[in-house]
Amino acid sequence: METVAFEVENHVAWVTLDRPDRLNAFNDQMNRDIIAAIKRAEKDDDIRAVVITGAGRAFCSGEDLSGVQEDANFGDILRKRYNPMVQRLAKFEKPLIAAVNGTAAGAGMSLALACDFRLASEKASFIEAFIHVGLVPDSGNLYYLPRLVGYAKALELAVLGEKVSAEEALNLGLVTKVLPHDDYNASVQAFAEKLAGMPTKAIGLIKRYMRQSFETNLDQMLENEAFAQRTAGQTADHQAGIQAFLSKSKPAFTGK
Amino acid sequence: MSNHKFIRVWEENGIGRIELNRTKVLNAINRPMVTEIITALEQFDRDHDVSAIVINGGGRAFAAGADIDEMAGDTPVSLELLNQFAEWDRIQGIKKPIIAAVHGFALGGGFELVLSCDVVFAAEDAKFGFPEVKLGVMPGAGGTVKLTKAMGKAKALEWLWTGDSMDAAVAERHGLITRLVAPEVLLEEALAFAARLVQQAPLSLRLIKDTVNKAIDYSVYEGMQAERKNFYLLFASRDQKEGMKAFIEKRPPEFRGE
């Protein structure tokens with residue numbers, strides 16, 4: 001992994017986009033590195049939450065336009081580079097946090113949208129930059145944005161392309177929390193550690209089936225809930241939760 | 001039950017179980033394995049204690065293709081003389097319900113085995129495909145035929161020509177899958193379905209299977225003639241008398257397959 005740093009601290013993996021001189025813009029290596037980081041986090045049972053953040057002052061400024069040839073086929077670029085990354089993130093069953101430390105623009109915003117939680121620094125901003133260069137939001141942006149903020153607001157953001165401050169993002173429901181810039185990483189780590197200490201399997205099942213709810217009907221969802229509950233009911237974490245409830249103590253979840 | 005090399009075979013609660021067991025090569029199907037599978041199927045078909053059969057893959061996949069090394073040196077004449085696909089034809093002779101429980105990859109011969117089953121339970125993470133085209137060949141155990149019958153020419157050609165593998169959700173949309181279930185509960189769900197079949201009248205299951213298979217190939221008229229004969233035939237069974245008597249007496253029937 002050349003363009004991202006991967007570190008694990010107390011069951012939380014930090015995937016840091018590490019091209020600060022380019023405001024962490026995507027190049028094809030970075031698309032691949034993010035996939036590699038997610039695969040690594042999938043395989044490691046010790047990792048129970050993942051944070052994606054940016055080195056330096058930006059979260060991610062989207063595609064590195066300096067690397068794009070004038071005659072490039074953008075459809076192919078998406079299919080080869082971005083779509084596999086977005087699909088990988090969508091299948092990832094552990095909690096995934098975008099720590100939006102600064103600007104999240106274009107595909108950088110899409111990356112944040114593809115995560116489960118967005119923790120914005122007070123200095124963060126979101127911008128649907130695509131329209132300003134005559135392009136269309138991509139990398140799952142058109143899928144996730146209306147689901148997160150509703151159609152009317154999503155269309156407004158995508159078409160007008162105005163910068164959304166952290167505070168505005170909070171009001172829109174686009175971010176979970178706005179955190180002070182001082183001690184930002186420590187606050188993110190605390191939030192991630194809380195998630196890492198929760199029943200990981202149950203979180204994965206919630207993610208899997210809540211995501212499917214957008215594409216299915218009630219009858220199928222009731223079946224899906226039955227699958228999920230049957231599975232969750234057999235986890236050690238369910239037992240730990242029940243024991244703790246009965247003994248009025250705090251459960252120690254192991255993610256198993 | 002017996003000394004199989006490439007599969008595990010056992011019986012439980014009226015269900016015949018076959019688990020593909022070449023896990024190191026993702027259950028790639030070789031010729032002796034096909035022979036073992038069909039032999040086990042035929043034994044279950046004759047075993048009065050077995051009412052339904054479930055086939056699943058051990059390890060990480062259902063079956064990711066065929067054993068390429070085994071075929072690389074073949075010639076048309078060697079293949080004609082070996083007549084390896086005749087074994088596959090025998091699967092069509094099995095009269096009892098065969099349920100496939102599929103997770104991970106079902107590619108090439110693995111996909112053909114799925115298409116040879118009657119009912120398919122697929123985990124949401126299952127992937128199906130015919131990659132033969134990438135090796136300069138094509139499916140040889142019914143893949144092209146059964147896929148086309150199931151999804152129609154336009155879609156079947158796309159998958160057969162590209163060799164891409166389709167997600168379980170896509171396979172379900174095209175009618176290849178009976179039920180899509182969470183990977184964690186795949187076997188449990190497939191076995192629960194098999195257990196329901198175990199409760200049904202075995203001769204009914206058998207003649208329904210026969211008639212539905214004919215319906216695929218016959219004209220509506222011929223299919224309906226076949227249906228009628230099977231309908232009449234069931235009136236020769238003890239279970240028909242028991243079933244109707246139990247209905248009138250408002251009690252659950254006790255079927256014996258006689």
Side-chain angles (χ1 to χ4, degrees), chain A residues 35 38-39 41-43 45 75-76 78-80 83-94 140 143 199-239 254-256, chain B residues 13 23-24 26 54 56 59-62 64 99-106 119-129 131 134 158-159 161-196:
Chain A
I35 292 175
I38 291 298
K39 278 188 187 167
E42 262 166 10
K43 283 197 183 131
D45 287 343
D76 284 347
L78 288 176
R79 289 194 191 101
K80 274 187 202 139
N83 296 359
M85 177 186 83
V86 176
Q87 285 162 332
R88 193 86 207 185
L89 292 169
K91 285 212 171 101
F92 187 60
E93 297 214 333
K94 297 175 187 179
Y143 178 89
T200 311
K201 182 68 187 176
I203 294 175
L205 290 163
I206 291 170
K207 285 177 57 168
R208 191 197 301 170
Y209 290 113
M210 196 174 282
R211 174 176 288 279
Q212 277 193 24
S213 76
F214 292 115
E215 280 121 50
T216 192
N217 55 36
L218 176 64
D219 290 345
Q220 183 58 50
M221 276 310 291
L222 291 172
E223 262 304 289
N224 289 345
E225 287 173 354
F227 297 154
Q229 204 68 296
R230 167 64 177 152
T231 305
Q234 292 173 294
T235 58
D237 282 347
H238 169 59
Q239 288 308 319
T254 57
K256 300 227 162 61
Chain B
N13 309 319
T23 52
K24 275 185 191 155
L26 297 179
V54 173
N56 69 286
R60 292 193 292 122
F62 182 75
I99 299 155
V102 186
H103 74 295
F105 284 114
V119 159
V120 182
F121 276 66
E124 289 154 357
D125 65 353
K127 280 184 182 287
F128 303 85
K134 296 176 187 171
E158 181 189 354
W159 297 109
W161 275 343
T162 61
D164 289 346
S165 41
M166 69 182 96
D167 287 341
V170 176
E172 193 205 21
R173 217 151 45 235
H174 290 307
L176 303 179
I177 304 291
T178 310
R179 252 187 245 169
L180 202 55
V181 302
E184 293 91 340
V185 297
L186 171 68
L187 260 182
E188 198 170 284
E189 292 288 318
L191 291 171
F193 185 81
R196 286 190 62 188

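First the proteins, then the strands, lettered A, B, ... as listed; each starts at 1.
Counting heavy-atom neighbours within 6.0 Å of A/Met221 CE, excluding the residue itself, gives a total above 12. Taking a 6.0 Å sphere around CZ of B/Phe128, one finds it holds more than 12 heavy atoms contributed by other residues, nucleotides or ligands. Enclosure of atom NZ in B/Lys134 by more than 12 non-hydrogen atoms of other residues, nucleotides or ligands within 6.0 angstrom is indicated. Counting non-hydrogen atoms of neighbouring residues, nucleotides and ligands closer than 6.0 angstrom, the CZ atom of A/Arg79 reaches no more than 12 such neighbours.
Only the side chain of A/Gln212 comes within contact range of chain B, judged by heavy atoms closer than 4.5 Å.
Between A/Tyr209 and B/Ala182, the shortest heavy-atom distance links the atoms OH-CB, 2.9 Å.
Under a 4.0 Å N-O distance rule, the pair A/Glu223/B/Arg179 does not qualify as a salt bridge. One finds a salt bridge joining A/Arg208 and B/Glu184 here, because a Lys/Arg side-chain nitrogen approaches an Asp/Glu carboxylate oxygen to under 4.0 Å.
One finds the CD atom of A/Gln220 at 7.0 Å from the CG atom of B/Leu180 (value rounded to the nearest 0.5 Å).
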